[in-house]
Enquirer: 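Take a look at the following structure, please.
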Amino acid sequence: MGTMVNFDNTNQAKKITEIKNKEEESFVERIAQKFNLPYIDLSGTNIETDALATLPEDQARNSRIAPFKIVGKDLYLGVKSPNLPETKKVLETLSEKYTLGVHMVSQRSLEKAWDRYADISHAIMTQGGMLDISAEELEKIAQNIKTNKDISGELEKVFTAGGAKQTTRIMEIIFGGAIATKSSDIHIEAQDEQVRLRFRQDGVLQDISVFDHESYRKLLSRIKLLSEMKITQTKNAQDGRFTIDYDGKEIEVRVSVIPSAYGESFVMRILNPDGIKVGLENLGIEPRLFEILLKEIDKPNGMILTTGPTGSGKTTTLYSFMNKVYNPEVKILTIEDPIEYHLEGISQTQVNRSKGYDFLSGLRAALRQDPDIVMVGEIRDGETASIAVNASLTGHLVLSTLHTNSAAGVIPRLIDLGVSPQILAAALSVSLAQRLVRKVCQNCKYQESPTPEEEELLRDILKEAVKNGKPIHEYNIAVDQEIMLTRGRGCDVCNGTGYKGRIGLFEAIITDELIEELLGKEPSEQEVRRVAEKQGLLNMREDGVIKILNGSTSLEEVKKVVDLYIKNITKTDADDTSHNNETFDTTPIINTQSMNPQALFNTKSVEISLLIDYLRKLEDEQTLNPEKDIRHNIKLVQTTILDLLKHTQAEDMFDASEDFAETHKTFKRFSDDLSELYEHQKQNPHIDMSQKLRRVREEIENHHTPAQM
């Protein structure tokens, strides 16, 4: 009976409270009519945290105002009385930025709206786009989060608990987890029934968690507001940025939002200053090249160019160069797009194309600032290239990046941009190419024997290196050593991936006397590569193999970024006569048996003309149908040239001819070029080969000897 009495008393108390609430709301509704304002009861209205964020909580409470909805520049809010002096003052301030929709509300409605401030109290948003998560809170998160599973577990707790602070807590875990696991990017992707959260770690995306669309929408609104994006714009891409104040340093977050089929997909790049503090010594540059680079960056003038795809670490390398040479007596100025990391003591400027400040105008202005070292984010056009080259000749050290696939591609690319080869010889110091590979986790690494195919591949590369005079013994590597591969089993330290951290693969070409001599001939990429092999520096293939054999990375990682197959004519290539169950007909495309032996010597002969016509026809076919596999055709041309060499080589009449010997050597090089094309097509069967074919054809067309002049 006691329980029944308490229950009845509780019901009676609830009824009394409901009556009082109705009376209060009725009273406020009548007052609203006198002020000629609309009335609203916020007890049944969704209070948007985006609206609350337009007014700090202390101001809202002091002025008796509660923002509850925002649509673009339209801000809807409730007030206790429009006549209160503090209320009038705040309304005037807000009206300068928003179109206000003022409603009369009860004290109960105000309290209900103000309670929602708790949802954003843990992440204080300032006017400067700063997400200020307390160091204590992030430290606590870092203690709880060591692996991706920990992040997933913490998020699951928040989704289960719910509550007013859910969105804030989700943000704390996501950003705290990303920092703790050294993630570079956060991907949040809306799908049909759920939303996917992924982190990019060591260059590879890892699944973290999934959550519901309601939580996603709240999170997206918060991120948009923080990044100063338009909350109501959902059909167009937007970019923004904000800052996390963490452990005494500012971590920039770049945000990109694009529309997708089920909402909006957004990616946040975490620019942690600690990420560029690896030091030049720890990038993975081999000792011989490292010593050369130290000497080059210590010179008062010259140009060092880095190449590689997006995400290959070019910016980190350039920053490492600048950090290495910086001292108070040196002025360093940068032109970047955008500024990713702020470097102490270095003047950094950011490209702003809408205001006419691009790399070209930035470089021109920079040279008027009397810098010692200039870093240009990217050389994209002929004018920028020309000014950069001239700057290196007038007492400046120029650092920049260029879009080519290899170090050997830098010189042809600059010549294509209009830089004079003679000037380039004096200006360009080093061409550097790089890629990034993941390092094997030291906590769970193990070794195993390679397959026969893997061992043969690695030994062939070592043999080729020794043949070209590369000092592989300096790395405690020998051609005949036992080969073991290092891999990772996967553990908590590496989030089960078997990899932890990344290291660079590098190749470089120094502009020495041999390269300078070659520049006068406007060389192709292959010609630059052949001459550079004599410098004794590891190419990227060899650098990758050294790092595989010393246990730094795995064969699988290097294969992802470097073509490990040596480009030359081998028995295996000659015997490779099948493709899609078809037999390759390797009969020469011209009759070499009955041709005049002088044909190879005379590029105006009928035989050579037929060869050129065949290449031109093949080139045209590739232009029209770039996905066609033409290995068969390339092999025919290669076989024809080899037969030409074989046939003419037997003629005594040429034995004493220096001109013929040079021509013979040149056509042997053409055969090597075709071997490279064959291997490239073998690895990429559906890539357009027309430009590469054109280069070989033009080289044959342009070939001549003194006897022809």
Side-chain angles (χ1 to χ4, degrees), residues 48-50 119 123 129 131 133 141 145 147-160 162 166-242 244 251-272 275 309-311 338 340 436 438 494-497 499 502 560:
E48 298 180 3
T49 53
D50 295 344
D119 191 30
L131 179 67
I133 301 177
I141 291 171
I145 292 177
T147 69
N148 292 343
K149 289 182 180 179
D150 295 336
I151 302 173
S152 179
E154 290 293 322
L155 287 172
E156 189 61 37
K157 292 178 185 176
V158 176
F159 296 139
T160 302
Q166 185 186 66
T167 304
T168 298
R169 187 60 183 166
I170 291 172
M171 290 182 67
E172 290 174 346
I173 294 171
I174 288 177
F175 289 111
I179 294 170
T181 56
K182 295 182 172 58
S183 301
S184 62
D185 299 88
I186 299 169
H187 290 242
I188 301 179
E189 302 152 341
Q191 298 177 335
D192 186 8
E193 297 181 355
Q194 58 190 13
V195 177
R196 187 182 187 190
L197 172 66
R198 297 193 289 173
F199 286 179
R200 188 177 293 280
Q201 297 166 340
D202 295 329
V204 178
L205 282 171
Q206 305 289 344
D207 284 322
I208 302 298
S209 181
V210 293
F211 50 92
D212 60 273
H213 277 266
E214 183 180 355
S215 299
Y216 152 79
R217 283 190 290 270
K218 292 179 180 178
L219 184 62
L220 177 59
S221 294
R222 183 78 62 81
I223 296 297
K224 279 187 170 183
L225 182 66
L226 195 59
S227 307
E228 299 182 349
M229 297 180 185
K230 296 179 179 179
I231 297 176
T232 57
Q233 182 173 305
T234 60
K235 303 300 182 183
N236 297 313
Q238 296 188 74
D239 294 306
R241 63 191 302 151
F242 62 91
I244 298 175
I251 298 176
E252 297 286 337
V253 181
R254 288 213 315 261
V255 186
S256 172
V257 179
I258 62 172
S260 68
Y262 301 105
E264 291 178 275
S265 173
F266 59 108
V267 177
M268 293 173 280
R269 168 66 59 88
I270 309 294
L271 299 174
N272 192 333
T310 302
E340 294 193 358
L436 284 177
R438 292 183 292 175
C494 61
N495 286 306
T497 63
Y499 299 96
R502 288 193 287 179
K560 289 179 183 177

Enquirer: Just by distance, with hydrogens left out, do Ser183 and Gln201 show a side-chain donor and acceptor under 3.5 Å apart?
Expert: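 The criterion, which ignores hydrogens and geometry beyond distance, is satisfied for Gln201 and Ser183.
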Enquirer: Starting at CZ of Phe211, measure out to OG of Ser152 and round the result to the nearest 0.5 Å.
Expert: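 Spacing of CZ (Phe211) from OG (Ser152) equals 11.5 Å.
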Enquirer: Quick check on the 6.0 Å ring-centre criterion: do Phe175 and Phe242 meet it?
Expert: yes
Enquirer: Determine yes or no for a side-chain-to-main-chain donor-acceptor pair under 3.5 angstrom, with His213 supplying the side chain and Gln191 the backbone.
Expert: yes
Enquirer: Give a yes or no on whether the backbone of Arg438 and the side-chain of Asp202 come within a donor-acceptor separation of less than 3.5 Å.
Expert: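 Here the side-chain-to-backbone pair does not exist.
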Enquirer: Out of curiosity, Met268 CE to Leu226 CG, how far, rounded to the nearest 0.5 Å?
Expert: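 Going from the CE atom of Met268 to the CG atom of Leu226 covers 10.0 Å.
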Enquirer: Is it the case that the side chain of Tyr216 and the backbone of Gln194 share a donor-acceptor pair, with hydrogens and angles ignored and the cut-off at 3.5 Å?
Expert: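 Side chain of Tyr216 to backbone of Gln194: no pair is present.
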Enquirer: In terms of side-chain geometry, is the basic nitrogen of Arg169 or Glu172 positioned less than 4.0 Å from the acidic oxygen of its partner?
Expert: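 Yes, this pair counts.
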Enquirer: Should Phe199 and Ile270 count as side-chain neighbours, where that means a heavy-atom distance under 4.5 Å?
Expert: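 No, side chains not in contact.
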Enquirer: Is the backbone N or O of Gln233 less than 3.5 Å from a side-chain atom of Gln238, with the two atoms forming a donor-acceptor pair by type?
Expert: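 A pair under 3.5 Å: yes.
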Enquirer: Got a second to check how far Leu219's CG is from Ile170's CD1, nearest 0.5 Å?
Expert: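 Interatomic distance, Leu219 CG to Ile170 CD1, rounded to 0.5 Å: 6.5 Å.
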Enquirer: Any donor-acceptor pair under 3.5 Å linking the side chain of Thr497 with the backbone of Tyr499?
Expert: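 Yes, Thr497 side chain to Tyr499 backbone: donor-acceptor pair under 3.5 Å.
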Enquirer: Is there a side-chain contact between Arg200 and Ser184, using heavy atoms and a 4.5 Å cut-off?
Expert: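 In short, these two side chains touch, coming nearer than 4.5 Å.
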Enquirer: Could you check whether Arg254 pairs with Asp239 (Lys NZ or Arg NE/NH1/NH2 to Asp/Glu carboxylate O, under 4.0 Å)?
Expert: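 Here Arg254 does not pair with Asp239 in a salt bridge, since their nearest N and O are not under 4.0 Å apart.
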Enquirer: State, yes or no, whether a side-chain contact exists between Ile208 and Ile186 at a heavy-atom distance under 4.5 Å.
Expert: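 They are not in contact (no side-chain heavy atoms under 4.5 Å apart), so the answer is no.
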